[in-house]
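Report on the structure given below.
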There are 2 protein chains.
Amino acid sequence: MISTEEQILVAAKNVFHRSGYAGARMQEIADEAAINKAMLHYYYKNKQQLFRAVFMQAFGKLAPQLNAIFSGTEGIFEKIRWFTADYIDFVVENPYLPSFIIQELNNNPDFAVEFMSHDGKPNPQPFIDQLNKEIAAGTIRQINPKQVLLNIFALSAFPFVAPVMVKGLLNISEEEFEALMEERKTLIADQIIDSIKI
Amino acid sequence: MISTEEQILVAAKNVFHRSGYAGARMQEIADEAAINKAMLHYYYKNKQQLFRAVFMQAFGKLAPQLNAIFSGTEGIFEKIRWFTADYIDFVVENPYLPSFIIQELNNNPDFAVEFMSHDGKPNPQPFIDQLNKEIAAGTIRQINPKQVLLNIFALSAFPFVAPVMVKGLLNISEEEFEALMEERKTLIADQIIDSIKI
DNA sequence: AAATGGTTTAACCAAATGGTTAACAAAGAT
DNA sequence: ATCTTTGTTAACCATTTGGTTAAACCATTT
């Protein structure tokens, strides 16, 4: 049997991911957890605290993915291939995560700054240094490392951040979407590597 | 002197873009428009109607950008260079637009399907056909046109969809961000063209 | 100047919402 | 066995929120 506290967290995750902070209702979370609304406040002081727990858990899942590419010891091409495939695999299993995190960071500026100075925040500097070193050594093209990083994120994350728009515009079903994402795991890496290799 | 109805729309745009549908408060919109709350309901039946007006106006600004690349008569390379530069220029002036549209499409599934069957919805088929023709003619590489389209959107839009996350992770100021975007106007196009040209 | 019609306001209302309380049950601890 | 802590519930509360109403305002027409 799963503990009530965890039931709450699971329910809260579902509701917050589905509706965002402002759109989520405490009653809806209680219903989804099949418990009394008062229990929410027994385990978590208030909506903000509950949200914080959900958000931190969400980001806690994503952070290792980012740190892998930032701090690993592998070569750059290796890292890129590895990250894009891993990231897409992971996000297919947790489709609401990217849009949830990005939306809430956008909408709660005060929360965002507090969070951005947090310990768990991944630091891309090692990866940028690595790119600069390769550039200096002449092994890759002279491209702004921050642009490379941005491209990796953009190509990997965008379809999951804007799934409704993407499916709507491309006029594709959920299955076609997943097939596209599968194809993307190698396609993206190839394109990024092509864009930096000499 | 600007009409009250327009004052309301401007204020509503600001508040909705800032806080999203669920987070927006009618009182806040009234305050921002410096009018009585009852006026909102005099000109627009209710919150949903007001939101619809704002959303349609927002998408109405973005649609021409998309239709340009979808239905223009230019060559593909030309189109890509033109679109990326134009899109970034436009979005720098309207920074909240992409995240607003994508967020609301994600959060209001019923609204999304209704909207996706709307007339104004851009149709990418001509562009996809164009890519397929070039592939058949052997003038560009054999790449899934939908992936190309997705890449164009991802690379162009992502930084504006996740500005807080991007600025936070890359640890850059607003000015640096804008400089990056300026650089991106040509960089993105080069990369996409590189990825499809033989 | 009286009537007309659109516009604006202050006050009000019902429902929704986040949160609390007090009683009660279960489970350990003494 | 009894006391104490922890978990759970139903009822309740204060505030917020979207929305309404009726009266006042004001420009134009008659």
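For clarity, every value in this text was computed on a predicted model and none was experimentally measured. Order of the sequence lines fixes the chain letters, A, B, ..., with proteins taken first and strands second; residue numbering starts at 1 for each chain.
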Look at all strands and tell whether M39(B) reaches a base, only sugar-phosphate, or nothing, counting heavy atoms closer than 4.0 Å. base
Cut-off 3.5 Å, side chains only: do N106(B) and Q103(A) have a donor facing an acceptor? no
Roughly, in whole Å, what's the span from OH in Y44(A) to C1' in dG18(C)? 17 Å
Identify whether the distance between the nearest side-chain nitrogen and carboxylate oxygen of R52(A) and E114(A) falls below 4.0 Å. yes
Is it true that D190(A) and R81(A) have a side-chain N and a carboxylate O under 4.0 angstrom from each other? yes
Nearest-angstrom distance from the residue atom OH of Y42(B) to P of dG19(D): 18 Å
On the side chain of K47(B), is there an atom forming a donor-acceptor pair with the base of dG19(D) - under 3.5 Å, no angle test? no
Using a 4.0 Å heavy-atom cut-off, does A24(A) contact any base of the nucleic acid, only the sugar-phosphate backbone, or nothing at all? sugar-phosphate
dT8(D), OP1 or OP2 - any side-chain N/O from Y43(A) closer than 4.0 Å? yes
Roughly how many Å is it from CD in Q27(A) to C1' in dT16(D), rounded to a whole number? 17 Å
Side chain of H41(B) (C-beta onward), nearest among dT7(C), dG18(C), dG19(D): dG19(D)
Whole-Å distance separating the CE atom of M26(A) from the P atom of dA15(C): 23 Å
Report yes if at least one side-chain N or O of T4(B) is closer than 4.0 Å to OP1 or OP2 of dT7(C); otherwise report no. no
dA16(C) phosphate, OP1 or OP2, under 4.0 Å from R25(A) side-chain N/O: no
Mind checking who dT29(D) pairs with, Watson-Crick or G-U wobble, both distances under 3.5 Å? dA2(C)
Could you state the CD-C1' distance from Q49(B) to dG19(D), rounded to the nearest angstrom? 14 Å
Pair partner, dA22(C) [Watson-Crick or wobble, under 3.5 Å]: dT9(D)
Grab the CD-C1' distance between Q48(B) and dG18(D) for me, whole Å please. 11 Å
Could you state the atom-to-atom distance from CG of L40(B) to C1' of dT7(C) in whole Å? 14 Å
Whole angstrom is fine here: how far is it from CG in N36(A) over to P in dA22(C)? 16 Å
Using a cut-off of 6.0 Å, state whether more than 12 heavy atoms not belonging to Y96(A) lie near its atom OH. no
For the aromatic rings, using the six-membered ring if either is Trp, is the centroid distance between F16(A) and F51(A) under 6.0 Å? yes
Counting side-chain heavy atoms from C-beta on, which of dT21(C), dG18(C), dG7(D) comes nearest to A38(A)? dT21(C)
